[in-house]
Amino acid sequence: MSYRITLLPGDGIGPEVTEATVEVLAATGVEFDWVRHEKLGANAVDDYGTPLPEHVIDSIRGTRIALKGPVTTPVGKGFKSVNVQLRQKLDLYANVRPCKSLPGIETPFKDVDLMIFRENTEGLYSGLESYDERHDIADSVARISKAGSKRIISFCFEYARTHSLDKVTVVHKANILKLTSGMFLKLAQDAALSYPELAFNDRIIDNMCMQLVVRPQEYNCIVTTNLFGDILSDLAAGLVGGLGVVAGANIGDDYAVFEAVHGSAPDIAGQSKANPTALIRSAEMMLRHLGETTAADALHTALVEIYTDGSFLTGDQGGTASTDEFARKLAERVANHV
Ligand code: NAI
Ligand code: MG
């Protein structure tokens, strides 16, 4: 049997890390029937008149699962982020980002084991912006719904319970944003009552940033609103080896899109310098989602081996291997474990 999955290589370093990931997945022996859509974002506009063509959405609705590379969003102008639109249109409300120390990756922070659950469809990403020309005032609405908050909070608590994690921290700014962040905090406090086996606390976002770089080991699951989750997950990535190694998944009730935390990295695009580990680990999450535990474990073991060995690492990890070389060596090791 083979899994029919939508493959969106994206742009920037996206195509390079996607090729690498497809090669490594092939070594697991699990068969995939990829439904590829190369054109997404700026490179879709010429052909389809939109950065997010309807057939891409339809493809994900059909396959239910996608593996996705990063897509560039113009800064301060231009089209609305394709990534945000995908998450909203497919109602992928849970953005799950594991930031766990990987044996072999040297960082000043030891034994970090964070799972970040970021609300993925609302908050300051709602896209509710306006400009008052008369007074030159810009507004951005952080719309947060009770239903939207409840489902990400309950996703986090259920995940913690079913994966034997021990602690949940809700991150907010309820001292200032009393209605939006305040509601999110209150709903998390209410939910915690149903999970007496889990330790629970809350932190204000600015303090949380400090706590995470001083004592990250004290935290385990973090649940928070959209923008705070975006920022905290890049920070947490920095604790465990950087954006080159941290995976992510966008999960809803019907569909799931697996993509790394990082963006299109225009500074290194097209040079075979990108570390594909982040997308490869997103693919590992996808394998687990599909129930392909043996293949996922083989991939994980091979990653630990290649990092512990240290001979074929990419530039971000202090090595000189190209994206392709890293992928080839990793694929060889994966094949040894399946
Ligand atoms: P970025 O994550 O693309 O890059 C930040 C820094 O990390 C750069 O120095 C980059 O070289 C490095 N880096 C990122 N991934 C790496 C990898 N796999 N291997 C080695 N080094 C890596 O963030 P930036 O520069 O802020 O954003 C660039 C573009 O990406 C923007 O247009 C942004 O909107 C888009 N973006 C897209 C995302 C998505 O498609 N889900 C997520 C984040 C940003
Ligand atoms: Mg981000």
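Everything numeric in this text was worked out from a predicted model, so none of it was measured. Numbering of ligands and ligand atoms starts at 1, following listing order.
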If we set the cut-off at 4.0 Å for heavy atoms, which region of Lys273 has an atom near ligand 1: side chain, backbone, both, or neither? neither
Tell me, which N, O or S atom in Asp230 is closest to the Mg ion (ligand 2)? OD1
Determine the sole option in Lys167, Met115, His163 for which the side-chain contact (heavy atoms from CB on, under 4.5 Å) test with Cys221 is passed. Met115
For atom 36 (N) of ligand 1, what's the nearest protein heavy atom and its distance? Gly263 CA, 3.4 Å
Where is the nearest protein heavy atom to atom 10 (C) of ligand 1: which residue, which atom, and how far? Asp267 OD1, 3.4 Å
Can you find a protein heavy atom under 4.0 Å from atom 32 (O) of ligand 1? yes
Atom pair OH (Tyr125) and OG (Ser140), whose distance is rounded to the nearest 0.5 Å: 11.0 Å
State the atoms of ligand 1, each with its element, that fall below the 4.0 Å cut-off from a heavy-atom position in Gly244. 17 (C), 18 (N), 19 (N)
Pick one of side chain, backbone, both or neither for how Ala260 approaches ligand 1, counting any non-hydrogen atom pair under 4.0 Å. neither
Is the shortest side-chain N to carboxylate O distance from Arg288 to Glu284 below 4.0 Å? yes
Contact partition for Thr73 relative to ligand 1, non-hydrogen atoms under 4.0 Å: both
Non-hydrogen atom of Lys68 closer than 4.0 Å to ligand 1: yes
The protein heavy atom nearest to atom 41 (N) of ligand 1 is Glu259 OE1, 3.0 Å
Between Thr72 and ligand 1, which part of the residue brings a heavy atom under 4.0 Å of the ligand: side chain, backbone, both or neither? both
Need the ligand 1 atom indices (1-based, order shown) with element for anything under 4.0 Å from a heavy-atom of Ala274. 19 (N)
Looking only at heavy atoms, what is the nearest atom pair of Thr107 and Gly241, with distance? CG2-N, 3.5 Å
Numbering as shown, the atoms of ligand 1 that approach Arg87 to under 4.0 Å (heavy-atom distance): 41 (N)
Side chains of Asn250 and Lys68: do they bring a donor and an acceptor to under 3.5 Å? no
Would you say Arg203 and Tyr219 are linked by a side-chain donor-acceptor pair, where the criterion is simply a distance under 3.5 Å? yes
For the residue pair Phe32 and Tyr3, does the interplanar ring angle fall in the parallel (under 30°), tilted (30 to 60°) or perpendicular (over 60°) class? tilted
When rounded to the nearest 0.5 Å, the distance separating CD1 of Ile205 from CD1 of Ile231 is 6.5 Å
Where is the nearest protein heavy atom to atom 5 (C) of ligand 1: which residue, which atom, and how far? Leu243 CD1, 3.8 Å
So between Leu86, Asn275, Val71, Ile268, whose heavy atom ends up nearest atom 22 (C) of ligand 1? Ile268
Which residues share a side chain to side chain contact (heavy atoms under 4.5 Å, CB included) with Arg333, sequence neighbours left out: Ala302, Glu305, Ile306, Asp309
Under 4.0 Å from one or more heavy atoms of Asn83, ligand 1 contributes atoms 37 (C), 38 (C), 39 (C), 40 (O), 41 (N)
What protein heavy atom lies closest to atom 14 (C) of ligand 1? Include the residue and the distance to one decimal. His262 CB, 3.7 Å
Would you mind listing which atoms of ligand 1 come within a distance below 4.0 Å of any non-hydrogen atom of Pro266? 28 (C)
Nearest-0.5 Å distance, CG of residue Leu114 to CD1 of residue Ile222: 5.0 Å
Do Asn201 and Thr169 have side-chain atoms, one donor and one acceptor, less than 3.5 Å apart? yes
How about atom 24 (P) of ligand 1: does it have a protein heavy atom within less than 4.0 Å? no
Is Val261 near ligand 1, meaning one of its heavy atoms is under 4.0 Å from it? yes
Parallel, tilted or perpendicular: which describes the rings of Tyr195 and Phe157, with under 30° parallel and over 60° perpendicular? parallel
Is atom 27 (O) of ligand 1 less than 4.0 angstrom from at least one protein heavy atom? no
Nearest protein heavy atom to atom 16 (C) of ligand 1, by residue and atom, and its distance? Ile13 CD1, 4.0 Å
Ligand 1 to Ala265, heavy atom cutoff 4.0 Å, flagged ligand atoms 3 (O), 10 (C), 11 (O), 14 (C)
Applied to residues 36-75, the ring pair (Phe, Tyr, Trp, His ring centres under 6.0 Å) test, sequence neighbours excluded, yields His37-His55, Tyr48-His55
Within the 6.0 Å centroid threshold, strictly below: His172 and Phe228: no
Could you tell me the residue and atom name of the protein heavy atom closest to atom 29 (C) of ligand 1, and the distance to it rounded to 0.1 Å? Ser264 OG, 3.2 Å
